2 protein chains.
Amino acid sequence: MLDDVDKRLLRTLQRNGQITAQELGEVLGLSASQAGRRRQRLEAEGLITHYAAQIDPEPLGLSIQAFVQVHLGTHGPEAARDISRLIHSRTEITSAWTMTGEADYLLRVWTPDLKALHRLIHDVLLPHPAVARVQSQIVMDQLKTDAPLPL
Amino acid sequence: MLDDVDKRLLRTLQRNGQITAQELGEVLGLSASQAGRRRQRLEAEGLITHYAAQIDPEPLGLSIQAFVQVHLGTHGPEAARDISRLIHSRTEITSAWTMTGEADYLLRVWTPDLKALHRLIHDVLLPHPAVARVQSQIVMDQLKTDAPLPL
DNA sequence: GGTGAAATCTACCTAGG
DNA sequence: CCTAGGTAGATTTCACC
């Protein structure tokens, strides 16, 4: 399984996916070859799924970030498949979850302005036959932003 | 500003942050040197903030993902600073937002089990003097997972 | 858009517990 | 036998043309 060095390695790579094996070795107290080998092992085991560039949304004109809760009227497998297709077809929905409790779906959404958010709600989500109610909350401030997973 | 090639480049790098300039050029229909140069420009302009390894939470024992809504009783700058410190001190809180509407804070949380989630709520959040009420929803299924930003 | 020097990765090899 | 460290050929980047 994972020892303490592996965990520190994962923490480091979450913060900097481009660190060289040399530097990684210095951080972990290993040689470059050992550090590289551990990284390869964790990649092969699927613990590291991939590497991603992190983009600043502001200069792209994505000013509005919101969470949208969707309540269904009709449940059942057809409606679920249908909603799933809808969610995957809209690029402004970047994440979607099903939850315990109140709402059936929670969507994380990025749009250039309020108008685009309202269009998503009123022209895309609400017209869907299975959707009963939609409730959106707009992000005012992101206090803590996509921190590394706790290891 | 950003042209269409830049946007495709950002989309590509969000999916694969380790792609070589050679491959990137093939995807974009550019030479390797031009592709690498565009990437450098977007990094220098701060559009690409950094690169991060993406970790699979399951094998790490992070089985529970939840969203926690925090309602404050006392508002004001002191309480806000205090809560902010609290949020940043807990590694199981990976993201935090202030929102319009109902709740004052929305927290995204990862824990190994329900016990740890309940400890966070009852031993960390609720005892805080400014916190009035806490409401948590546990993620059952992640339908769409951290898709690239819509460009 | 192309090129070459410098840096980096990684497969292979050797040493030690 | 398993884990750690070193080395050299192949690959990639990036400053310059």
Side-chain angles (χ1 to χ4, degrees), chain A residues 1-62 145-151, chain B residues 1-62 91 112 145-151:
Chain A
M1 259 310 293
L2 293 183
D3 65 14
D4 185 60
V5 177
D6 289 324
K7 292 187 182 177
R8 287 196 293 136
L9 188 151
L10 290 174
R11 271 198 292 269
T12 306
L13 285 176
Q14 282 188 93
R15 295 224 160 75
N16 177 10
Q18 290 196 317
I19 192 171
T20 64
Q22 177 69 49
E23 291 169 311
L24 195 56
E26 285 164 20
V27 171
L28 301 177
L30 292 174
S31 68
S33 52
Q34 286 306 325
R37 188 170 308 179
R38 278 195 189 246
R39 172 155 62 175
Q40 282 185 320
R41 179 167 61 76
L42 294 170
E43 289 167 357
E45 286 173 353
L47 267 126
I48 298 171
T49 59
H50 66 290
Y51 293 82
Q54 306 294 302
I55 309 292
D56 180 6
E58 279 300 326
L60 293 169
L62 294 170
T145 164
D146 294 323
L149 291 173
L151 305 179
Chain B
M1 257 306 294
L2 293 182
D3 66 13
D4 185 60
V5 177
D6 289 323
K7 291 187 182 179
R8 287 196 294 136
L9 188 152
L10 290 174
R11 270 199 292 270
T12 306
L13 284 178
Q14 283 188 92
R15 293 223 161 75
N16 178 11
Q18 291 195 316
I19 192 171
T20 65
Q22 177 69 51
E23 291 170 312
L24 196 55
E26 286 164 19
V27 170
L28 300 177
L30 294 174
S31 67
S33 51
Q34 288 305 327
R37 189 166 311 178
R38 278 195 188 246
R39 172 155 62 173
Q40 280 186 317
R41 178 168 61 77
L42 294 170
E43 288 167 358
E45 287 173 354
L47 267 123
I48 299 170
T49 58
H50 66 290
Y51 294 83
Q54 306 295 302
I55 310 293
D56 180 5
E58 279 299 328
L60 292 171
L62 294 170
T91 55
T145 164
D146 295 322
L149 291 173
L151 305 179

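A note on names: the letters A, B, ... follow the listed sequences, proteins ahead of strands, and every chain is numbered from 1. Just so it is clear, the structure is predicted and the values come from calculations on it, not from any experiment.
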| request: Starting at CG of A:Leu47, measure out to CG of A:Leu2 and round the result to the nearest 0.5 Å. | output: 5.5 Å
| query | Within the distance-only criterion (no hydrogens, no angle test), does the side chain of B:Thr91 pair as donor or acceptor with the backbone N or O of A:Pro150 below 3.5 angstrom? | reply | no
| remark: The reported gap from CG in B:Leu60 to CG in A:Leu151 (rounded to nearest 0.5 angstrom) is 5.5 Å
| request: Mind running side-chain hydrogen bond (donor to acceptor under 3.5 Å, both in side chains) on B:Ser31 and B:Gln34 for me, showing each step along the way? | output: CA-CA 5 Å; B:Ser31 67; B:Gln34 288 305 327; 4.9 Å; no
| field | A:Gln34 CD - C:dG17 C1' separation (whole Å) | value | 14 Å
Quick one: which protein N/O atoms are closer than 3.5 Å to N/O atoms of nucleotides 4-10 of chain C? Pair and distance per line, please.
unit_1, atom_1, unit_2, atom_2, d
C:dC9, OP2, A:Ala21, N, 3.1

Show each protein N/O and nucleotides 13-16 of chain C N/O combination with a separation under 3.5 Å, one pair to a line.
none

| Looking at CD1 of B:Ile48 and CD of B:Gln40, how far apart are the two atoms once the value is rounded to the nearest 0.5 Å? | 10.5 Å
| request: Using whole Å, report how far CG of B:Leu28 lies from C1' of C:dG1. | output: 15 Å
| request: Looking at every strand, decide which applies to A:Arg38 at a 4.0 Å heavy-atom threshold: base, sugar-phosphate, or nothing. | output: sugar-phosphate
| Which heavy atom of A:Leu9 sits nearest a heavy atom of A:Arg38, and at what distance? | CD1-CB, 3.7 Å
| Counting N and O atoms only, with roles assigned by atom type, does the side chain of B:Arg15 sit under 3.5 Å from a partner on the main chain of B:Pro148, one being a donor and the other an acceptor? | no
| said: Whether the side chain of A:Gln14 engages the backbone of A:Leu149 through a donor-acceptor N/O pair (distance < 3.5 Å, no angle test) should be reported. | reply: yes
